[in-house]
Amino acid sequence: MKYDFNQIEKKWQKYWAENQTFKASNNSDKPKYYVLDMFPYPSGAGLHVGHPLGYIASDIYARYKRHKGFNVLHPQGYDSFGLPAEQYAIQTGQHPAITTETNIKTYRRQLDQIGFSFDWSREVRTSSPEYYKWTQWIFIQLFESYYCNTDNKAKHINELVAIFSSEGNTNVNVACDDGIEPFSAEEWNALDTVKQQKILLQYRLTYLAETEVNWCPALGTVLANDEIVNGVSERGGHPVVRKKMTQWSMRISAYAERLLQGLNTIDWTDSLKESQRNWIGKSVGASVSFNVISAPLNHQNSTSLNHQNTSLDTERSRSEQDVISAPLNHLYKIDVFTTRPDTIFGVSFMTLAPEHELVSKITTLEQKAEVEAYIEKTAKRSERDRMADVKTISGVFTGAYAEHPFTKEPIPIWIGDYVLAGYGTGAVMSVPCGDVRDYAFAKHFNISIPNIFEGVDISEEPFTDKEKTVIGNSDFLNGMNYKKATKRAIYELEQLAQGEGKTNYRLRDAVFSRQRYWGEPFPVYYVNGMPQMIDLEHLPIRLPEVEKYLPTEEGEPPLGRAKEWHWLQYGDDAKIVSKEEFENSSPQGRLGGELELNTMPGWAGSSWYFFRYMEEANREGVFASEDALKYWENVDLYIGGAEHATGHLLYARFWVKLMKDRGFVNVEEPFKKLINQGMILGTSAIVSGVWVSFSNWNSVSDSDEDNLTISEDVTRPFLLVLSKDKLDKINEGGDVAEIINWVKSNYPNSQIVSEIDRSKPTNNVFNFSAFTGHVDVSLVNSSDELDFESFKKWRQEFYNAQLLNVEPYKVQREVEKMSKRWYNVVNPEDICNQYGADSLRLYEMFLGPLEQYKPWNTAGITGVHSFLKKLWKLYHQGENGTFYVSSESSPPWEGLGEALKTLHKTIKKVQEDIENFSFNTSVSTFMIAVNELTAQKCTSKAILEPLLVLISPYAPHIAEELYSQLGNKESISTAEFPVFDASHLVESSKNYPISFNGKMRFTIELPMDMNKEDIEKEVLSHEKTKAQLEGRTPKKVIVVPGKIVNIVG
RNA sequence: GCUGAAGUGGUGGAAUUGGUAGACACGUUGGACUUAAAAUCCAAUGUCCAUUAGGACGUACGGGUUCAAGUCCCGUCUUCAGUACCA
């Protein structure tokens, strides 16, 4: 009986689907285990062999856990909103929903073919209205929440409103926008609703704010930073302008500390946690405020500095010379953030970002021209250039001075583009002796560099080692170390009310609006410009139909094209209507207005989908029922790519914390353990050669019939394929005679350009240029030989390609990312058809450690494939290869001891491997086991049945088939995992390696229970030992019983 | 620059607490079977020297600890990933 994998795999996939073998139950006595993959975006290209790597690993783990008696939830779905479907829609006019549906069908077919144990009954799609109803609902919860810093949790906004109306905002400790005006309860209660709503927006966990975006008028769309090169659009080179747009933002910064602390409670890789820590970017230090002691006095000529500060008007009578010696006016202050308040006596200047709002206010008249020129210059440089070019030091003095909080000395205020407007306060206190950038700046502009460190030379470079710091030359901080001085400096600043301890985070609030069509619509309409939420009972707000998926001519997002996009509600009765209908409706008791035109970003739907899977049946009324959430809690094992480190994985943690705070879920973290699978790289095939092109064919003389015949073939350049070595030689200026000869012998009337006497009219001139290019890997066999006939048909321009003295032609190989662009994509369907899903699964695991990047090489799959054939044979040792397994319980057959040893060795290793996610080594272990059992001619059911359970997580189809051939009526999927019994591994003797000075020379077989002394005696009296020692007496003999013997001397 | 991970045959990769380096495969070479191919099976395969026996050298490089180092320590180099005037 042959191992007919195609038939077997189809059969069992059908069986699993019909019997709902992997449907998880929310009611079970078994312990729960939740294994999740990052759900895929269903792209038009379908899956390549790199995609299922993580799914195979998680599937093995899920199947293993079922064997171990767990109730396993292993669901799958689609992250089906996204840009490619929208772009395709823009080009073709096809609705993205249709494209998405088609792609999902392909994905599902490909996934099913690999034999995953997914519970498809719980499938989610982020683009389906029944799902995004709840994404919209969560958005509303964010809108209706604020973050209380005192209790460290989010609360309902109504609690904040209650505080405002009873005591105003002066005593609240909550996360909010900067620069909110204080108000009393009376003031709050006196405000109209619009004003109150405006203020509340500054506290909500999702809020509307003006954000600068890159707007490209020619393309009619907003561009991301990486879509812009040198100030113009990457595609088409159209100008891009910075434009302020009102956008939804998520106040993720409120959760910065909890997101950071939570990392200590979860089992993720260090590098991933480090990425998130980096992204959150916590720095502890102090905020210090410096008073500006001189301000410019002459503002009359400046229109941009048009403020009505009365105290300033009185200053205007002063002469410019008075500025520096002017009495301390303390009109402005500069707030800075520093991680080194201990170095405050080392401040010798201050630097503001060129964009800092105070720059225009404090610059003196003499410096004005220079400052403005500098600002203009830096404004022209793109953010990118500025970041790329960190070596050039630039800046300019403002003419103004600030006062040192302690010494009261004047400190010059500079502007420089090494200070970023977007970080901290956009201003720094510059301590050149303790900071490399400040140091370089001071050196460059000849600013003084006072030394405030004891016993350190700073004439060459600054001193930045916090731990070794001893402060000097610093009044009350003298002699202190970093920690003490920092504490004291903050204390003293607090006494002066000019500073306090402060923690800064790099994490910025996340922009949540996208000017796109194919995303979740917001459940929001506007009244007097203020956003209003739509009640849950009216959700989902479905995506409207539009004629085109492009922005409108006025620059509104695509939803601006919807004919009916106004909310109209009377009581419980609500509908979406046209603008006209809304305007003609009765205002009496009416709720409604224009709906939000933006849609949500891709990460909205993926930030909570893991909860949706928990609900098994009635999903209508809830995002997941309380019971389901309580039972499944959170994801035990999450497998996916590392590229989501600071996107999805951070946002999901943020939303879960919010949902926990508001009492909707019971867990603080969504993913307990997380593993990043490495990428499978493609092995590209590269063809090299020269393009030979002919010119002047048009002027071929009519008399020359031969030439005309040739010209039929060579009107277009043809490719002369040759080996990489030869091409390299030609490129290095080497011999081209071979090529010339080849062309001349095949096209006798042609001439090479360099040989032509240009004074004579010439025909049939040829020229050539080097060529290397990728070729589709399917045109190359496992020995790297190119199928040349197929190659010529593959692309039109190769139709007349020719080989030069190389046959068969071998391509060059290169390992690159698997991508359509490099023609190195391998389709899992092809592999399944040719070798079977079990071979694919085993091979993907066998390639190497899960987390590692590794190249795919289809040729290697024969190894695991022949292993499966050997496995099959092991159960078919009957006549003519018929099924035969002996089911006798007592062992009449003498080899059983050896077979038991093999089995239990395998149980032990495989169990350890799975639990350590070392799947590659268990495939080796299976191979060894099957090789050994084959050699032992093992036919015992007592061995061969448990062996199948071990293999079943990896190669489930063949395991099911053989298991059923053994007479089992049930699926193998819940069969108990064999229990390891160490007694089968006890050895009576050990083959001791005998080494001399650490080098192994030979082995001696000795009884396991022999003691040290006897071993030593036995070894030393051995012939080979004597030969090794050549008469010398050993200085020392190390005997480690059961392990090794080492003889020194 | 900083942070993290990693450097082992022609290739992918094995190697528990330091204890026989290269498991298991791919590839290559030779052989068996076959009209032939495929499939299957057998043998060899780290490098170098040697007809053999055997020997020398070998885990990026240079040191060190140890009876014994791919594994531990110090230094250097390289690669990959993330991040960056973060005050």
Round to the nearest Å and state the distance from A:Asp417 atom CG to B:A84 atom P. 17 Å
Quick one: is A:Arg437 getting a side-chain N or O under 4.0 Å of the B:C86 phosphate, OP1 or OP2? yes
Hey, does A:Thr862 reach any base, or is it just sugar-phosphate, or nothing, if we go heavy atoms under 4.0 Å? sugar-phosphate
Starting from P on B:A38, measure out to CD on A:Gln834 and report it in whole angstrom. 15 Å
Between B:G27 (P) and A:Arg813 (CZ): distance, integer Å: 13 Å
Quick check: on RNA chain B, is the nucleotide nearest A:Tyr423 upstream (toward 5') of the one nearest A:Asn931, or the reverse? Name the residue that is more 5'. A:Asn931
Centroid-centroid under 6.0 Å between A:Phe1002 and A:His1022 rings: yes
Could you check whether any side-chain heavy atom of A:Val284 comes within less than 4.5 Å of a side-chain heavy atom of A:Thr339, counting everything from C-beta outward? no
Partner of B:A56 under the Watson-Crick or G-U wobble criteria, both distances under 3.5 Å, comes out as B:U47
Heavy-atom contacts, protein to nucleotides 58-72 of chain B, under 4.0 Å, summarised as B (base), S (sugar-phosphate only) or - (none) per nt, yield ---------BS----
Would you indicate, yes or no, if B:U16 has its OP1 or OP2 atom less than 4.0 angstrom from a side-chain nitrogen or oxygen of A:Asn916? no
Is there a Watson-Crick or G-U wobble partner for B:G18 with both distances under 3.5 Å, and if so, which one is it? none
Separation of the P atoms in B:A23 and B:U45, to the nearest angstrom: 10 Å
Integer-rounded Å distance: B:U40 P and A:Leu868 CG: 12 Å
Are A:Ser283 and A:Phe337 close enough that some pair of their side-chain heavy atoms sits under 4.5 Å apart? yes
Taking any strand in view, what nucleotide pairs with B:U11 in a Watson-Crick or G-U wobble way, both distances under 3.5 Å? B:A25
Can a side chain N or O of A:Arg506 be found less than 4.0 Å away from OP1 or OP2 on B:U83? no
Classify the side-chain pair A:Glu816/A:Ser684 by whether it contains a donor and acceptor separated by less than 3.5 Å. yes
Pair A:Trp872 + A:Phe867: ring centers closer than 6.0 Å: no
Give none if B:C72 has no partner; otherwise give the nucleotide forming a Watson-Crick or G-U wobble pair with it, both distances under 3.5 Å. B:G64
What I want to check is whether the side chains of A:Thr902 and A:Glu932 have a donor and an acceptor closer together than 3.5 Å. yes
How many angstroms lie between OG in A:Ser922 and CZ in A:Phe917, if you round to the nearest 0.5 Å? 11.5 Å
Between B:G22 and B:A5, how many Å separate the two P atoms, rounded to a whole number? 28 Å
Just checking A:Arg1001: base, sugar-phosphate only, or nothing, at a heavy-atom cut-off of under 4.0 Å? sugar-phosphate
Taking the C1' atom of each, how far is B:U65 from B:C73, in whole Å? 7 Å
Among A:Leu1006, A:Val1037, A:Val1040, which residue satisfies the side-chain contact (heavy atoms from CB on, under 4.5 Å) criterion with A:Ile1015? A:Leu1006
Relative to each other, are the rings of A:His644 and A:His648 parallel, tilted or perpendicular (30° and 60° limits)? perpendicular
Whole-angstrom distance between B:C33 and B:U40, as gauged at atom C1': 9 Å
Looking at B:G4, which nucleotide sits across from it as a Watson-Crick or G-U wobble partner, both distances under 3.5 angstrom, or is there none? B:C80
Is there a side-chain contact between A:Ser839 and A:Leu868 (heavy atoms, below 4.5 Å)? yes
Taking the same atom, P, in B:A25 and in B:G58, what whole-Å distance lies between them? 30 Å
In whole angstroms, the gap separating C1' of B:A87 from NZ of A:Lys282 amounts to 17 Å
Quickly work out the A:Gln276 CD to B:U3 P distance and round it to whole Å. 19 Å
Hey, what are the protein-to-nucleotides 8-14 of chain B N/O distances that come in under 3.5 Å?
| from | atom 1 | to | atom 2 | distance (Å) |
| --- | --- | --- | --- | --- |
| B:G12 | O2' | A:Leu847 | O | 2.4 |
| B:G13 | OP1 | A:Gln852 | NE2 | 2.6 |
| B:G13 | O3' | A:Asn920 | ND2 | 3.4 |
| B:A14 | OP1 | A:Asn920 | ND2 | 3.0 |

Under 3.5 Å, which protein N or O atoms sit close to an N or O of nucleotides 73-75 of chain B? Give each pair with its distance.
none

CE-CD1 distance between A:Met429 and A:Ile344, expressed to the nearest 0.5 angstrom: 4.5 Å
Between A:Phe441 and A:Phe349 (judged by ring centroids, cut-off 6.0 Å), do the two rings come close enough to count as a pair? yes
Under a 3.5 Å cut-off for both distances, is B:A39 Watson-Crick or wobble paired, and to whom? none
Heavy atoms under 4.0 Å, any strand shown: does A:Lys870 hit a base, just sugar-phosphate, or nothing? sugar-phosphate
Rounding to a whole Å, what distance do you find between A:Leu263:CG and B:G4:C1'? 14 Å
Please measure how far the P atom in B:A69 lies from the corresponding atom in B:G31, and state the result in whole Å. 43 Å
Is B:G55 syn or anti, taking syn as a glycosidic angle within 90° of 0? anti
Taking the six-membered ring for Trp, is the centroid-to-centroid distance between A:His865 and A:Phe5 below 6.0 Å? yes
If we ignore angles and hydrogens, is there a donor and acceptor under 3.5 Å between the side chains of A:Ser253 and A:Tyr505? no
Categorize A:Lys1035 for me: base, sugar-phosphate, or nothing, with a 4.0 angstrom heavy-atom threshold over every strand shown. nothing
Under 4.0 Å between any heavy atoms, over every strand shown, what does A:Asp438 touch: base, sugar-phosphate, or nothing? Just pick one. nothing
Identify the nucleotide, in any strand shown, that forms a Watson-Crick or G-U wobble pair with B:A87, with both distances under 3.5 Å; if there is none, say none. none
Taking the C1' atom in each of B:U52 and B:A6, what is the distance between them to the nearest angstrom? 43 Å
Atom pair distance, as rounded to whole Å: CD in A:Glu785 and P in B:U28: 10 Å
Using atom C1' of each nucleotide, how far apart are B:U66 and B:C74 to the nearest Å? 16 Å
